[in-house]
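Everything on this sheet refers to the single structure shown next.
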Amino acid sequence: MGIVAVSETSIGAGTTITTAAIAALAGTRGLTVAVVKLAQTGVRPGEPGELTEIERLAPGVATYEYARYPDALSPEAAARHTGDRPLRLTAVAKSVAALDTEFDLVLVAGTGSLLERFGPDGWTLAELAWSVQAPVLLVTGTGRDAPSHTALAAEALTARGVRLAGLVVGSWPHDPDLVARSNVADLESIVGRPLTGALPAGPGPDGFSTVARAGLDAAWGGDFDAAAFRDRADPTPAGTSITG
């Protein structure tokens, strides 16, 4: 499957769970998987980070963390604040490309949203994706700003010549409100394709592969049906014309 970058459209959208779900399904198909966390911020040495959660939900996955900073800032700002050497795009791209020769699937998880800066030259996950010719899977939330954030991320990828691998709702509420339900059709319209998946908010470790299979479509080894999900979410009463 190669290299796939996974990025949130906004902080808290659900990249960790989505990455774990992809890794878990790939593992059930006998694929070897590596997950790279470029930079973990806001976590001190020895404390559990996002990779700890991915290892819990997708046992057997190989994980790599390239940098860790205690301050909850962008990686570039966090490195500057602590006086650490920032990550360099060329070195990171070389390392990720090397992993691609060892594993069937390499998932590269960003930090924060798509255009978080990793170095003083301004490189982001989008530039890394272009460097290693990897598509980006966007993970979006369900709030009122989700469509606009998704549109901005999609435009940034297009401007950089980076392919969109799909769009996943990373934390679908158990009781979605009108905003979340209305967003579904809007999000699909923005990216010009059906949703790639929708994962429930707060899934636990028990039966996680089942949750992952239901929440991701066939391209990722799952059973998610975008059309059926859209129909269930549609807040428009049957027979009601949107033009009145």
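Keep in mind that the numbers below use all heavy atoms, side chains included, and drop hydrogens, waters and symmetry copies. Everything numeric here is computed off the predicted structure, so don't read it as measured data.
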(Q) Taking side-chain hydrogen bond (donor to acceptor under 3.5 Å, both in side chains) as the definition, give me every residue that meets it alongside Arg213, ordered by chain and number, with sequence neighbours left out. (A) none

Q) Considering only heavy atoms from C-beta outward, does the side chain of Ile22 approach that of Leu216 to under 4.5 Å? A) yes

Q. Taking C-beta and beyond as the side chain, do Gln40 and Val43 meet within less than 4.5 Å on heavy atoms?
A. yes

Q: Rounded to the nearest 0.5 Å, what's the gap from CG on Leu99 to CG on Leu107? Could you check?
A: 11.0 Å

Q: Evaluate the side-chain contact (heavy atoms from CB on, under 4.5 Å) criterion for residues Leu73 and Glu116: first the C-alpha distance (whole Å), next the side-chain angles of each, then the deciding distance (0.1 Å), finally the verdict.
A: CA-CA 9 Å; Leu73 305 169; Glu116 288 267 345; over 6 Å; no

Q) Looking at CG of Leu138 and OG of Ser113, how far apart are the two atoms once the value is rounded to the nearest 0.5 Å? A) 10.5 Å

Q.
If I take atom CH2 from residue Trp130 and atom OG1 from residue Thr124, how far apart are they, to the nearest 0.5 angstrom?
A. 12.5 Å

Q) How far does NZ of Lys37 sit from CD of Glu50, to the nearest 0.5 angstrom? A) 3.5 Å

Q: Measure the spacing between OG of Ser7 and CG of Leu128 and express it to the nearest 0.5 Å.
A: 11.0 Å

Q) Any chain of hydrophobic side-chain contacts (each under 4.5 Å) joining Val184 to Leu167? A) yes

Q.
Quick test of your reading of the model: are Glu53 and Arg56 salt-bridged, counting only N-O distances below 4.0 Å?
A. yes

Q) Are more than 12 heavy atoms from other residues, nucleotides or ligands located less than 6.0 Å from atom CZ of Arg44? A) no

Q | Within-4.5 Å side-chain heavy-atom neighbours: Leu57 and Ile17 | A | yes

Q. Where do Ala5 and Ala129 come nearest, in terms of heavy atoms and distance?
A. CB-CB, 4.4 Å

Q: Could you check if a side-chain atom of Trp220 sits within less than 4.5 angstrom of a side-chain atom of Val168, using non-hydrogen atoms only?
A: no

**Q.** With Glu127, the salt bridge (charged side-chain N to carboxylate O under 4.0 Å, His left out) member among Arg88, Arg117, Arg160
**A.** Arg160

Q. Of all residues at least two apart in sequence or in a different chain, which pass the side-chain contact (heavy atoms from CB on, under 4.5 Å) check with Ala39?
A. Ala67, Tyr69, Pro75, Leu87, Thr111, Phe118

Q | Closest non-hydrogen atom pair, Leu187 against Pro147 | A | CD2-CA, 3.9 Å

Q. Heavy-atom distance under 4.5 Å between the side chains of Val108 and Tyr66, does that happen here?
A. no

Q: Could you check Thr142 against Val179 for side-chain contact (heavy atoms from CB on, under 4.5 Å), going step by step and ending with a plain yes or no?
A: CA-CA 7 Å; Thr142 60; Val179 172; over 6 Å; no

Q: Check whether any side-chain N or O of Ser95 sits under 3.5 Å from a backbone N or O of Val92 as a donor-acceptor pair, and report yes or no.
A: no

Q | Donor-acceptor pair, side chain of Thr19 and main chain of Thr15, under 3.5 angstrom | A | yes

Q: Can you sort out the partners of Arg232 under side-chain contact (heavy atoms from CB on, under 4.5 Å), two or more places apart, ordered by chain and number?
A: Ala228, Phe229

Q. Which heavy atom of Phe224 sits nearest a heavy atom of Ala198, and at what distance?
A. CE1-N, 3.7 Å

**Q.** 4.5 Å side-chain heavy-atom contact, Asp104 and Val33
**A.** no

Q | Heavy-atom closest pair, residues Ala13 and Glu8 | A | N-OE2, 3.1 Å

Q | Short side-chain to backbone donor-acceptor contact, Thr82 and Ala78, under 3.5 Å | A | yes

(Q) Under a 3.5 Å cutoff, is there a donor and acceptor pairing between the side chains of Thr140 and Thr150? (A) yes

Q) Are a donor atom and an acceptor atom from the side chains of Thr52 and Glu55 found within less than 3.5 Å of each other? A) no

Q) Donor-acceptor pair, Asn183 side chain versus Ala146 backbone, under 3.5 Å? A) no

Q | Pro86 versus Gly119, closest heavy-atom pair with distance | A | CB-CA, 4.2 Å

Q | Steps toward side-chain contact (heavy atoms from CB on, under 4.5 Å) verdict (Leu137, Thr196) | A | CA-CA 9 Å; Leu137 180 68; Thr196 302; 4.3 Å; yes

**Q.** Point-to-point distance, once rounded to the nearest 0.5 Å, from CD1 of Ile3 to CG of Leu105
**A.** 9.5 Å

(Q) If you count every heavy atom of other residues, nucleotides or ligands that lies below 6.0 Å from Trp172 atom CH2, does the total exceed 12? (A) yes

Q) In the single-linkage hydrophobic clustering (I, L, V, M, F, W, Y; side-chain heavy atoms under 4.5 Å), do Val61 and Tyr64 co-cluster? A) no

(Q) For a quick test of reading the model, state the closest non-hydrogen atom pair linking Val139 to Gly170 and the distance between them. (A) CG1-CA, 3.6 Å

**Q.** Electrostatic pair Arg193:Glu188 at N-O distance under 4.0 angstrom
**A.** no

Q | Heavy-atom check, side chain of Leu51 versus side chain of Val35, under 4.5 Å | A | yes

Q: Consider only side-chain heavy atoms of I, L, V, M, F, W and Y, link residues closer than 4.5 Å, and tell whether Leu89 and Val36 are in one cluster.
A: yes

Q: Answer yes or no: is there a side-chain heavy-atom contact under 4.5 Å between Thr18 and Leu199?
A: yes

Q. Run the side-chain contact (heavy atoms from CB on, under 4.5 Å) check on Asp100 and Val132 step by step: do they pass?
A. CA-CA 10 Å; Asp100 188 33; Val132 297; over 6 Å; no

Q. Honestly curious: do Phe103 and Leu31 fall in one hydrophobic cluster under the side-chain, below-4.5 Å linking rule?
A. no

Q) Going only through I, L, V, M, F, W and Y residues with side-chain contacts under 4.5 Å, is there a path from Leu157 to Val169? A) yes

